[in-house]
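Here's the structure, in structure tokens; my notes come after.
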Amino acid sequence: MIKTFSVSTANIDDIEAAVEDIRSQLDPEHKLLKYSVGIAACHYEFVLSGAFKAVCKALPFDVAGTISSAQAINKESGTLLLTLFVLTSDDISFKTVLSDSLKGNPGKTIEESYKNGTAGTRPSLMFAYAPFMVENSGDEYVNVLTAVSGGVPCFGTLSIDDTADFKECYMLYNGEHYRDRMSMILVYGQIRPKFYLASLSESKLLDRSAVVTSSEGHILKEVNGRPVIEYFENLGLTKASETAYAMTSLPFMLDYMDGTPPVSKVFIGLNESKHAICAGAMPEGSTLYLGVLDRDDVLRTSRRAFQDALKETAEAPGILIYSCISRLMALGSDMFAEIEMIQKEAGGKVPFLMAYSGGEICPTRINPDAPENAAVNRFHNNTFILCIF
């Protein structure tokens, strides 16, 4: 059995008040069971002020998570907020891992960190948190974790801040903050999490598919045997493609052509060779579709996924949610509409934490017939992901 608690504080500069907020809501001396761990999301000002570090120091368990542009729990939401989602159990245990730097050879670093952290044991579930790094591909992170773990279900996020150059995109771990490391929470015991996700409605996909014919990781070079810049020209998107992040409302849906559900990827901009820099890998042989992300579809798809989750798991002990920052951007001036919808749908019945993301990590499928329920883990953009415990 597992229990969860979601708590928050808006005290950035009054560190003692921030600590008291969290401890009074959590009441760790009376509510915590034998094993506990915390998952954090907060604005970077809580790191700079020292409030996040003080809160972690005052808690009797490890904490991992990321900076986020906006976050929420059941009754609180905001940009300048520190939120904490606590998992506690008498028969499910937790172990946290901090990697070395992800610069240079991130795949090897992640593989070694996982192996050292697990010491030959196999967790039932893992959470992964890392900073947003333009030079690295989130797909590599997820693919390495899947391979080295033998398909352990992996759920998590990359950090996102509200600065122009992402300089405050930290991964958070036990009061410290990092721009180049990954943290993992390994979960051991009889736990069968369920995962739900939403990106675009099928009606929002344009009837202009293309096959990836040349790529290198997250660099898309050619589609349909022609330079990718010509693909944008044919769609009338030449000017938009030349401006960084101008096409966040026009995501790619990528079909790996392997029977798994398509995943969403964001186009970031063009490099000096006029190749497309994407926020995720674009494997050769996959088929991409251009979609349109708008406010109504964000709310429609998120609501459907959340309602499905509650319907299928009526007595869930807790829900962890991440939503891509591009979905928040599509909401325009009504930036908290998605959060407010989730709070209303939850109705205070189940503790949850929701935070915005720079890249989402979530399985698209769990195979119950495979050894130890192996997962098809994927890295997503433009996506709303949800894990029920």
Side-chain angles (χ1 to χ4, degrees), residues 2 4 34-42 47 52-53 55-57 59-68 84-89 92-133 136-159 169-189 191 193 320 322 353 355 357-363 372 374-375 377 379 387 389:
I2 193 166
T4 67
K34 185 176 180 180
Y35 307 106
S36 300
V37 73
I39 297 173
C42 69
V47 167
F52 172 70
K53 187 170 189 175
V55 166
C56 290
K57 187 176 180 180
L59 296 173
F61 50 76
D62 287 345
V63 175
T66 59
I67 293 300
S68 177
L84 186 68
F85 191 67
V86 179
L87 290 74
T88 188
S89 176
I92 296 170
S93 61
F94 312 97
K95 183 177 182 181
T96 60
V97 177
L98 177 66
S99 80
D100 290 331
S101 175
L102 298 178
K103 294 181 178 179
N105 193 337
K108 181 179 179 181
T109 298
I110 291 170
E111 180 179 357
E112 291 176 349
S113 298
Y114 178 87
K115 288 180 177 179
N116 292 336
T118 57
T121 61
R122 189 180 194 274
S124 304
L125 169 68
M126 60 178 157
F127 298 99
Y129 297 102
F132 176 79
M133 301 172 68
N136 289 351
S137 168
D139 285 272
E140 181 179 10
Y141 299 169
V142 175
N143 292 342
V144 169
L145 285 172
T146 299
V148 72
S149 70
V152 170
C154 184
F155 188 87
T157 183
L158 303 188
S159 60
C169 271
Y170 303 120
M171 181 277 292
L172 308 174
Y173 183 79
N174 285 346
E176 302 299 329
H177 56 287
Y178 302 91
R179 281 291 289 118
D180 63 346
R181 297 191 183 194
M182 172 181 284
S183 64
M184 306 171 208
I185 298 175
L186 309 175
V187 184
Y188 292 88
I191 181 173
L320 183 60
Y322 295 107
L353 183 149
S357 167
E360 302 77 57
I361 301 170
C362 182
E372 300 182 282
N377 298 312
F379 180 72
C387 176
F389 305 99

(message) Under the rule for side-chain hydrogen bond (donor to acceptor under 3.5 Å, both in side chains), what residues qualify as partners of Tyr178, not counting sequence neighbours?
(response) none
(message) If you apply the rule side chain to side chain contact (heavy atoms under 4.5 Å, CB included), what do you find for Tyr170 with Ser159, and how did you get there?
(response) CA-CA 6 Å; Tyr170 303 120; Ser159 60; 5.8 Å; no
(request) Could you list the residues that satisfy side-chain hydrogen bond (donor to acceptor under 3.5 Å, both in side chains) with Ser68, not counting sequence neighbours? (result) none
(message) Please enumerate all residues that pass side chain to side chain contact (heavy atoms under 4.5 Å, CB included) together with Ser149, with sequence neighbours excluded.
(response) Tyr114, Met126, Val152
(message) Please give me the minimum heavy-atom distance between Phe61 and Gly38, naming the atom from each residue.
(response) CD1-N, 3.6 Å
(request) With sequence neighbours excluded, give me every salt bridge (Lys or Arg N to Asp or Glu O under 4.0 Å) pair touching residues 143-153. (result) none
(message) Nearest 0.5 angstrom please: Ile39 CD1 to Ser183 OG, how far?
(response) 9.5 Å
(request) Can you run down the side chain to side chain donor-acceptor pair (under 3.5 Å) pairs that involve residues 137-148, sequence neighbours left out, and say none if there aren't any? (result) Asn136-Tyr141, Asp139-Lys265, Thr146-Asn377
(message) Donor-acceptor check, side chain of Arg122 to backbone of Gly150, threshold 3.5 angstrom: yes or no?
(response) yes
(request) Using ring pair (Phe, Tyr, Trp, His ring centres under 6.0 Å) as the criterion, list what pairs up with Phe85, not counting sequence neighbours. (result) Phe389
(request) Determine the minimum heavy-atom distance between Ala128 and Met182, stating which atoms define it. (result) CB-SD, 4.4 Å
(message) The criterion is ring pair (Phe, Tyr, Trp, His ring centres under 6.0 Å); which residues satisfy it with Tyr129, sequence neighbours excluded?
(response) none
(message) Lys53: which residues meet the side-chain hydrogen bond (donor to acceptor under 3.5 Å, both in side chains) condition with it, sequence neighbours left out?
(response) Glu176
(message) Using the rule given for side chain to side chain contact (heavy atoms under 4.5 Å, CB included), can you reason through Phe127 versus Ile361, listing the C-alpha separation, both sets of side-chain angles and the distance that settles it, and then say yes or no?
(response) CA-CA 9 Å; Phe127 298 99; Ile361 301 170; over 6 Å; no
(message) For a quick test of reading the model, state the closest non-hydrogen atom pair linking Pro131 to Cys169 and the distance between them.
(response) CB-O, 3.1 Å
Donor-acceptor pairs are to be reported for all side-chain atoms of residues 103-110 against protein atoms at under 3.5 Å, with residues two or more places apart or in another chain.
{"from": "Asn105", "atom 1": "OD1", "to": "Lys108", "atom 2": "N", "distance (Å)": "3.2"}
{"from": "Thr109", "atom 1": "OG1", "to": "Ser101", "atom 2": "O", "distance (Å)": "3.4"}
{"from": "Thr109", "atom 1": "OG1", "to": "Asn105", "atom 2": "O", "distance (Å)": "3.1"}

(message) Run the salt bridge (Lys or Arg N to Asp or Glu O under 4.0 Å) test against Lys115 and tell me which residues pass, sequence neighbours left out.
(response) Glu111
(message) List the residues meeting ring pair (Phe, Tyr, Trp, His ring centres under 6.0 Å) with Tyr322, not counting sequence neighbours, and say none if there are none.
(response) Phe155
(message) As a quick check of understanding, evaluate side chain to side chain contact (heavy atoms under 4.5 Å, CB included) for Met184 and Leu145, giving each step before the final call.
(response) CA-CA 10 Å; Met184 306 171 208; Leu145 285 172; 4.0 Å; yes
(request) Kindly indicate whether the side chain of Leu84, heavy atoms from C-beta on, has any atom under 4.5 Å from the side chain of Leu59. (result) yes
(request) Test Thr96 against Tyr173 for side chain to side chain contact (heavy atoms under 4.5 Å, CB included), laying out the working first. (result) CA-CA 9 Å; Thr96 60; Tyr173 183 79; 2.9 Å; yes
(request) Kindly say whether Gly175 contributes a backbone atom to a donor-acceptor pair with the side chain of Lys57 at under 3.5 angstrom? (result) no
(request) Find the distance between CG (Asn116) and CG (Asp100) and round it off to the nearest 0.5 Å. (result) 9.0 Å
(message) Between Ser36 and Thr88, do the side chains contain a donor N or O and an acceptor N or O under 3.5 Å apart?
(response) yes
(message) Once side-chain hydrogen bond (donor to acceptor under 3.5 Å, both in side chains) is applied, do any residues pair with Ser89, and if so which ones, sequence neighbours excluded?
(response) Asp91
(message) Once rounded to the nearest 0.5 Å, what's the spacing between atom OG of Ser99 and atom CG of Asp180?
(response) 7.5 Å
(request) Work out which heavy atom in Pro153 is nearest to a heavy atom in Leu125; give both atom names and the distance. (result) O-CD1, 3.5 Å
(request) Any chance you could measure Leu186, atom CG, to Thr121, atom OG1, to the nearest 0.5 Å? (result) 7.0 Å
(request) Please report the closest heavy-atom contact between Thr66 and Ala130, naming both atoms and the distance. (result) CG2-O, 4.0 Å
(message) If we check side chain to side chain contact (heavy atoms under 4.5 Å, CB included) with Met171, which of these qualifies: Thr157, Ile67, Leu98?
(response) Leu98
(message) If you compare all heavy atoms of Leu102 against all heavy atoms of Met133, which two are closest, and at what distance to 0.1 Å?
(response) CB-SD, 4.2 Å
